[in-house]
Amino acid sequence: MVRRTAYLDEARIHERLVSLIRIPSITGEEDGAVARIANWLQQYDAEIDYWNDGIASLQRDPRYPGHEVERAWAPVVVGVVRGDQPGPSVLLTGHVDVVPPGDYGLWQDEPFSGVTRGDRVFGCGASDMKAGLVAALAAFEAFAEGGRNFPGRVIFAAVPAEEDSGLGTLAAIRGNWRADACIIPEPTVQHGIPELVIAHAGAMSLRIRVPGKSAHASKRLQGESALDHFITLYQAMRADEQALNAAEQHPLMTVHPLPYATSVGVIRGGLWSSSVMDSLEAQVRVGVPLGMTIDEAEARFRHAIAEAIRDDPWLSRNPPEIRRLASGFGSAETDADHPLVRTLAECAEEEFRQEPRIAAAPYGCDMSGWVRLAGVPTVIYGPGDIDQAHAPNESVSLETSCRVARTLVRTTERLLEAGLDGLRSAAGRMEPAFPGHNRGHD
């Protein structure tokens, strides 16, 4: 088999990364970024599947994970290069959406500038995960340009809505896409070297509405402050978080100071400073441990709240309303002995001259969708740094992005050479029905 790392063009990787950063593909507004990637894919002799999965149809799917950002559809583009021999399918996939940049005053440059200084490319989404997505695309293009004398198939998928529960990956799976192995180049760099993440926590978002009773502020004791009662719930959340993390025994998770975080991200309440707050609404992100389903995690959380308010004079008679907003697909894990893990570790060591640390992440991502819904062995390995993600002045190393692209090419080559028997320890194969495979559109 021809080694395809020679087809990687570092200047093109840089150019495409800057181009993609300059498209402000905030969650819910990903159409432009997906269209740009579709145009790039059309330059090659590859099969392309490009569609919008309607939100109404997604909501009717029993696997629907919820969503928080209003949208009409989820745009997805998939490319596939088929070798001239039978063999396995390897999927390289990532998300195009980014979180809002926040206060522009905290950014040294315009958040979507793609400014380059030395080895660093700056911009909202640079680390999470446009550099990884461009590296995956470059690896795919190496197979598209390098001839078809390889077994199996190489698939690239760009999806939206990862930051909003994983709707894009659900849309890709609804499009009948499967694989024998999947690599997601989310940010995994620690101390300059990408880790190989084989497991991650899950997360769900809940909305909690806390009732109170209004009164004049000067007669505060005649009212019931929703804020005071939320503090009671907040203390219960912290106690539940502490108990959950104290019980964790998975060796890859216990290295984290807080494997499963509960975080209050939004609070709204009150109408007037001179009135006792009569209601409060909070949005809470709750961590889901390995081996626990979203439903089990929600039941645990609700039980903790119920126990906390059982003897409270106000809350026991006026319990808070808890509703799930979005849940993703839960936690995920791929066995450390799977050929995907071993092969990627070998190729990463060759490129970076040191063995990658096998790790688990305290955050969730699209890995859980591919593992739980499609039965595809999946790992996370990418050029970004999670400490840069969702932060002002986000940046990524161009050199690391190119080295990850080379690692992805080598890994994909070896996985294809391993054959189906060497990879199929999990169900599912990415076998699209061109044309007209069922996507369940509106």
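One is the number of the first residue; the rest follow in order along the sequence. Both backbone and side-chain heavy atoms feed into the values below; hydrogens, waters and symmetry mates do not. Values in this document were obtained by computation on a predicted structure and should not be read as measured data.
Applying the side-chain contact (heavy atoms from CB on, under 4.5 Å) test between Arg357 and each of Leu196, Val255, Leu252 identifies Val255 as the sole match. Under the side-chain hydrogen bond (donor to acceptor under 3.5 Å, both in side chains) rule, Ser19 has a single partner from Lys130, His14, Arg36, which is Arg36. Each of Arg174, Arg71, Arg60 was compared with Asp53 under the salt bridge (charged side-chain N to carboxylate O under 4.0 Å, His left out) criterion, and only Arg174 meets it.
Side-chain contact between Thr378 and Ile183 is absent, with no heavy-atom pair separated by less than 4.5 Å. At a threshold of 4.5 Å between non-hydrogen side-chain atoms, the residues Met292 and Glu298 do not count as touching. Here the side chains of Leu408 and Thr411 are not in contact, with every heavy-atom distance at 4.5 Å or above. Contact check for Ile309 versus Pro319: side-chain heavy atoms found under the 4.5 Å cut-off. Taking 4.5 Å as the limit, some side-chain heavy atom of Leu20 sits within range of a side-chain heavy atom of Leu133. Taking the side chain as every heavy atom from C-beta outward, Ile305 and Leu233 approach each other to under 4.5 Å. Considering only heavy atoms from C-beta on, Glu162 stays 4.5 Å or farther from Met129 through its side chain. Phe301 places a side-chain heavy atom less than 4.5 Å from the side chain of Ile208.
Shown here for Leu244 and Tyr260, the closest heavy-atom pair between the two residues is CD2-CB, 3.7 Å. Contact between Ala332 and Leu290 at its shortest, heavy atoms only, is O-CD2, 3.7 Å. When all heavy atoms of Glu195 and Ala359 are compared, the pair lying nearest together is OE1-CB, 3.5 Å. Taking all atoms of both residues into account, the shortest heavy-atom contact from Ile155 to Val78 is CG2-CG1, 3.6 Å. In this structure, Pro339 and Leu415 approach most closely via the heavy-atom pair O-CD2, 4.1 Å. In terms of heavy-atom proximity, Asp385 sits nearest to Gln190 at OD1-NE2, 4.3 Å.
Using a 4.0 Å cut-off between a side-chain N of Lys or Arg and a carboxylate O of Asp or Glu, Arg410 and Glu413 do not qualify as a salt bridge. The residues Arg324 and Asp295 are annotated as salt-bridged, a charged nitrogen and a carboxylate oxygen being separated by less than 4.0 angstrom. Look at Glu346 and Arg342 and you find no salt bridge, because none of the NZ, NE, NH1 or NH2 atoms lies under 4.0 Å from a carboxylate O. Ion pairing between Asp240 and Arg300 holds under the 4.0 Å rule for side-chain N and carboxylate O.
Under the 3.5 Å distance criterion, the side-chain polar atoms of Ser327 are matched with a main-chain donor or acceptor of Pro65. For the pair Asp278 (side chain) and Gly212 (backbone), a donor-acceptor distance under 3.5 Å is absent. A distance-only check finds a donor-acceptor pair linking the side chain of Ser368 to the backbone of Cys365 [under 3.5 Å]. Glu30 contributes a side-chain N or O that, together with a main-chain N or O of Gly28, makes up a donor-acceptor pair within less than 3.5 Å. Checked by atom type and distance alone, the side chain of Asp366 never pairs as donor or acceptor with a backbone atom of Thr169 at under 3.5 Å. In terms of modelled atom types and a separation under 3.5 Å, the side chain of Trp370 and the main chain of Ala181 share no donor-acceptor contact. Not a single donor-acceptor pair under 3.5 Å links the side chain of His390 to the backbone N or O of Val98. Counting only distance, with no hydrogens or angles, the side chain of Asp180 and the backbone of Ser89 share a donor-acceptor pair below 3.5 Å. The backbone N or O of Ser395 sits less than 3.5 Å from a side-chain atom of Gln388, completing a donor-acceptor pair. Remark: the backbone N or O of Ala261 is paired with a side-chain donor or acceptor of Arg285 at under 3.5 angstrom.
A distance of 10.5 Å separates NE2 of His216 from CD of Gln222, quoted to the nearest 0.5 Å. Here CG of Leu17 is found 4.0 Å from CD1 of Ile21. Values are rounded to the nearest 0.5 Å. With values rounded to the nearest 0.5 angstrom, Gln242 atom CD is found 15.5 Å from Met237 atom CE. Remark: Arg120 CZ to Asn393 CG distance equals 11.5 Å, nearest 0.5 Å. Taking SG of Cys402 as the reference point, atom CG of Asp119 lies at 8.5 Å (rounded to 0.5 Å). Rounding to the nearest 0.5 angstrom, the gap separating the CG atom in Leu167 from the CD atom in Glu68 is 10.5 Å.
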Would Gln59 and Tyr64 count as a side chain to side chain contact (heavy atoms under 4.5 Å, CB included) here? Give the steps. CA-CA 6 Å; Gln59 287 176 309; Tyr64 166 67; 3.7 Å; yes

Report the C-alpha distance between Cys124 and Trp107 in whole Å, list the side-chain angles of each, state the deciding distance to 0.1 Å, and finish with yes or no for side chain to side chain contact (heavy atoms under 4.5 Å, CB included). CA-CA 10 Å; Cys124 185; Trp107 288 77; 4.0 Å; yes

Stepwise side chain to side chain contact (heavy atoms under 4.5 Å, CB included) check, Ile37 with Arg16: CA-CA 9 Å; Ile37 292 170; Arg16 288 190 168 169; over 6 Å; no

Would you sort out whether Val371 and Glu333 count as a side chain to side chain contact (heavy atoms under 4.5 Å, CB included), showing the intermediate values? CA-CA 8 Å; Val371 169; Glu333 183 174 9; over 6 Å; no

Using the rule given for salt bridge (Lys or Arg N to Asp or Glu O under 4.0 Å), can you reason through Glu241 versus Arg238, listing the C-alpha separation, both sets of side-chain angles and the distance that settles it, and then say yes or no? CA-CA 5 Å; Glu241 177 192 63; Arg238 280 286 173 261; 3.4 Å; yes

Is there a side chain to side chain donor-acceptor pair (under 3.5 Å) between Trp314 and Asp228 once you walk through the steps? CA-CA 11 Å; Trp314 174 260; Asp228 290 346; over 6 Å; no

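Side-chain contact, His95 with Glu186: a donor N or O sits under 3.5 Å from an acceptor N or O.
Residues passing the side chain to side chain contact (heavy atoms under 4.5 Å, CB included) test with Phe352, sequence neighbours excluded: Ile193, Pro194, Tyr381, Thr400, Arg403, Val404, Thr407. Taking the salt bridge (charged side-chain N to carboxylate O under 4.0 Å, His left out) definition, one finds that Arg220 meets it with nothing, sequence neighbours left out.
Classified by interplanar angle (parallel below 30°, tilted 30° to 60°, perpendicular above 60°), the ring pair Phe230/Tyr234 is tilted.
The cationic group of Arg117 lies under 6.0 Å from the six-membered ring centre of Phe122 and within 45° of the ring axis, placing it in a cation-pi geometry.
Within a 6.0 Å sphere centred on CD of Glu321, heavy atoms belonging to other residues, nucleotides or ligands number more than 12.
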